[in-house]
K.L.:
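Structure incoming, see below.
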Amino acid sequence: MDARSLRALAHPLRMRILDLLTLDGPDTATGLARRLGENTGTVSWHLRHLADHGFIEEDTGRGTRRERWWRAVRVARRLDTNDFRHDPDIRGALSVYLHETVQRDFEQVTTYLAEDWDEEWRDAGTLSRWQDLRLTPEQLAALNAELEAVVVRHRAAARSGTAADAAADAGDARPVLVQLQSFPRKQRDAR
């Protein structure tokens with residue numbers, strides 16, 4: 001993601017709109033406004049802004065001239081925060097983007113924990129934490145790459161309709177969020 005795209009996306013409401021369109025599929029400004037508790041005109045303005053920057057597009061196969069449907073553009077975007085950390089002109093947008101991303105992930109986890117799931121689904125989910133790792137930057141990067149490769153492999157299998165996806169055809173599959181958080185921490189001085 002470049003600086004221009006980051007500035008365009010780094011707004012709490014735009015990020016929430018894009019997340020809803022990505023997770024739940026196409027919707028109208030009216031539908032999104034109702035779900036977000038916002039004014040339809042405000043949501044429409046933000047939708048146009050997201051479209052101008054290529055994050056979403058009009059779903060021309062739906063709606064009428066008065067009812068415009070929008071969908072997320074399915075493009076892999078990667079944000080390397082190191083590209084922006086020392087640029088004072090973009091630092092504010094980066095801060096908003098990162099804060100909203102962490103807040104969204106936190107809300108998704110707390111929603112999952114508050115929901116009533118069948119035992120089978122409750123047992124399949126996990127919130128894991130390992131605190132006894134000591135890694136170099138290279139080892140941490142390798143760990144993250146390996147974990148990402150596992151998720152990518154499962155996503156590809158689900159999209160290709162292989163035998164592993166047979167449960168989805170039977171109606172047993174549900175949308176799944178994978179959140180991975182791995183980062184170094186400052187070590188407190190021993191006392």
Side-chain angles (χ1 to χ4, degrees), residues 1-27 29 32-33 35-58 70-113 127-152 155 175-189:
M1 189 180 319
D2 62 13
R4 183 175 176 272
S5 297
L6 179 58
R7 277 192 201 96
L9 183 57
H11 184 281
L13 184 54
R14 282 194 288 269
M15 290 179 70
R16 289 171 52 211
I17 290 169
L18 181 58
D19 199 44
L20 287 176
L21 293 174
T22 300
L23 293 175
D24 298 332
D27 206 343
L32 289 165
R35 292 167 67 191
L36 294 166
E38 296 287 340
N39 176 288
T40 302
T42 301
V43 171
S44 291
W45 186 87
H46 285 291
L47 285 166
R48 287 189 301 275
H49 197 71
L50 287 166
D52 288 344
H53 292 275
F55 291 102
I56 66 170
E57 63 188 6
E58 188 172 354
W70 299 93
R71 65 180 169 216
V73 173
R74 302 283 183 180
V75 175
R77 291 185 175 88
R78 191 178 261 326
L79 174 67
D80 185 349
T81 59
N82 293 320
D83 292 344
F84 306 111
R85 288 200 185 275
H86 302 294
D87 183 348
D89 294 333
I90 194 72
R91 195 176 301 139
L94 178 62
S95 178
V96 168
Y97 177 82
L98 294 174
H99 173 81
E100 291 300 318
T101 298
V102 170
Q103 186 64 37
R104 177 204 60 205
D105 291 352
F106 172 77
E107 288 171 3
Q108 288 170 337
V109 169
T110 57
T111 297
Y112 160 70
L113 292 172
L127 299 177
S128 299
R129 178 179 164 179
W130 299 272
Q131 65 278 348
D132 55 350
L133 293 169
R134 293 191 64 83
L135 304 173
T136 66
E138 294 79 15
Q139 290 170 322
L140 179 56
L143 171 67
N144 288 328
E146 288 178 51
L147 293 169
E148 181 180 0
V150 170
V151 172
V152 168
R155 184 173 55 194
V176 172
L177 292 173
V178 177
Q179 296 181 357
L180 172 65
Q181 301 170 19
S182 62
F183 47 86
R185 67 176 180 82
K186 300 282 184 188
Q187 189 167 334
R188 202 172 87 177
D189 294 333

K.L.:
Under a 4.0 Å threshold between the charged nitrogen and the carboxylate oxygen, would Glu148 count as salt-bridged to Arg78?
P.N.:
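Salt bridge flag = yes for Glu148 with Arg78.
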K.L.:
At what distance, to the nearest 0.5 angstrom, does CD of Gln179 lie from CG of Leu127?
P.N.:
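Gln179 CD to Leu127 CG: 8.5 Å, rounded to 0.5 Å.
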K.L.:
Hey, are the side chains of Leu147 and Val178 touching, using non-hydrogen atoms and a 4.5 Å cut-off?
P.N.:
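They are not in side-chain contact.
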K.L.:
Counting only heavy atoms not in Arg4 (residues, nucleotides, ligands), do more than 12 fall under 6.0 Å from its CZ?
P.N.:
no
K.L.:
Report yes or no: does Arg14 contribute a side-chain atom to a donor-acceptor pair with the main-chain N or O of Ala8 at less than 3.5 Å?
P.N.:
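The answer is yes, because a donor-acceptor pair under 3.5 Å joins these two groups.
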K.L.:
Give the C-alpha distance, both sets of side-chain angles, the deciding distance and a yes or no for side chain to side chain contact (heavy atoms under 4.5 Å, CB included) between Leu9 and His53.
P.N.:
CA-CA 8 Å; Leu9 183 57; His53 292 275; over 6 Å; no
K.L.:
Just wondering, do Leu20 and Asp27 contact through their side chains at under 4.5 Å, heavy atoms?
P.N.:
no
K.L.:
Between CD of Gln108 and CD of Gln103, what distance do you get to the nearest 0.5 Å?
P.N.:
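Interatomic distance, Gln108 CD to Gln103 CD, rounded to 0.5 Å: 11.0 Å.
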K.L.:
The test is side chain to side chain contact (heavy atoms under 4.5 Å, CB included); show your working for Val73 and Phe55 and say whether it passes.
P.N.:
CA-CA 6 Å; Val73 173; Phe55 291 102; over 6 Å; no
K.L.:
How long is the span from the CG atom in Leu21 to the CD atom in Glu57, to the nearest 0.5 Å?
P.N.:
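Spacing of CG (Leu21) from CD (Glu57) equals 11.0 Å.
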K.L.:
Could you walk me through whether Ser5 and Asp2 pass the side chain to side chain donor-acceptor pair (under 3.5 Å) check?
P.N.:
CA-CA 5 Å; Ser5 297; Asp2 62 13; 2.8 Å; yes
K.L.:
Could you grab the distance from atom NE2 of His49 to atom CD1 of Ile17, nearest 0.5 Å is fine?
P.N.:
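With rounding to 0.5 Å, NE2 (His49) is 11.0 Å from CD1 (Ile17).
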K.L.:
Are Leu79 and Leu94 close enough that some pair of their side-chain heavy atoms sits under 4.5 Å apart?
P.N.:
yes
K.L.:
Taking NZ, NE, NH1 and NH2 as the nitrogens, is one of them in Asp24 or Arg35 under 4.0 Å from a carboxylate oxygen of the other?
P.N.:
yes
K.L.:
Would you compute the distance between atom OG of Ser182 and atom CG of Leu143 and round it to the nearest 0.5 angstrom?
P.N.:
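One gets 6.0 Å once the value is rounded to the nearest 0.5 Å.
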K.L.:
With side chains defined as the heavy atoms from C-beta onward, is the minimum distance between Arg7 and Ile90 less than 4.5 Å?
P.N.:
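The answer is yes; the side chains approach within 4.5 Å.
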K.L.:
Would you say that Leu32 contacts His46 through its side chain, given a criterion of any heavy-atom pair below 4.5 Å between the two side chains?
P.N.:
no
K.L.:
Locate the shortest heavy-atom distance separating Thr22 from Ala72; write the atom from each residue and the value.
P.N.:
OG1-CB, 3.5 Å
K.L.:
State, to 0.1 Å, how close Ala93 and Ala10 come at their nearest heavy-atom pair, and which atoms those are.
P.N.:
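It is O-CB, 3.2 Å.
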K.L.:
For Gln139 and Thr136, indicate whether the former's side chain and the latter's backbone hold a donor-acceptor pair under 3.5 Å.
P.N.:
yes
K.L.:
Between Arg129 and Gln181, does a side chain to side chain contact (heavy atoms under 4.5 Å, CB included) hold up when you go through it step by step?
P.N.:
CA-CA 9 Å; Arg129 178 179 164 179; Gln181 301 170 19; over 6 Å; no
K.L.:
Looking at Arg91, is its backbone amide N or carbonyl O close enough to the side chain of Ser95 to form a donor-acceptor pair, meaning the two atoms are under 3.5 Å apart?
P.N.:
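Pair absent, no side-chain N/O of Ser95 close to backbone of Arg91.
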K.L.:
Run Leu47 and Val43 through side chain to side chain contact (heavy atoms under 4.5 Å, CB included) and show every step you take.
P.N.:
CA-CA 6 Å; Leu47 285 166; Val43 171; 3.9 Å; yes
K.L.:
Side chains of Pro12 and Val96: does their closest heavy-atom pair fall under 4.5 Å?
P.N.:
yes
K.L.:
Would a 4.5 Å heavy-atom cut-off, applied to side chains only, mark Met1 and Asp83 as touching?
P.N.:
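The answer is no, as the side chains (C-beta and beyond) never meet within the 4.5 Å cut-off.
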K.L.:
Would you say that Arg71 contacts Ile56 through its side chain, given a criterion of any heavy-atom pair below 4.5 Å between the two side chains?
P.N.:
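Not touching, per the 4.5 Å side-chain cut-off.
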K.L.:
At what distance, to the nearest 0.5 angstrom, does CG of Asp89 lie from CZ of Phe84?
P.N.:
12.0 Å
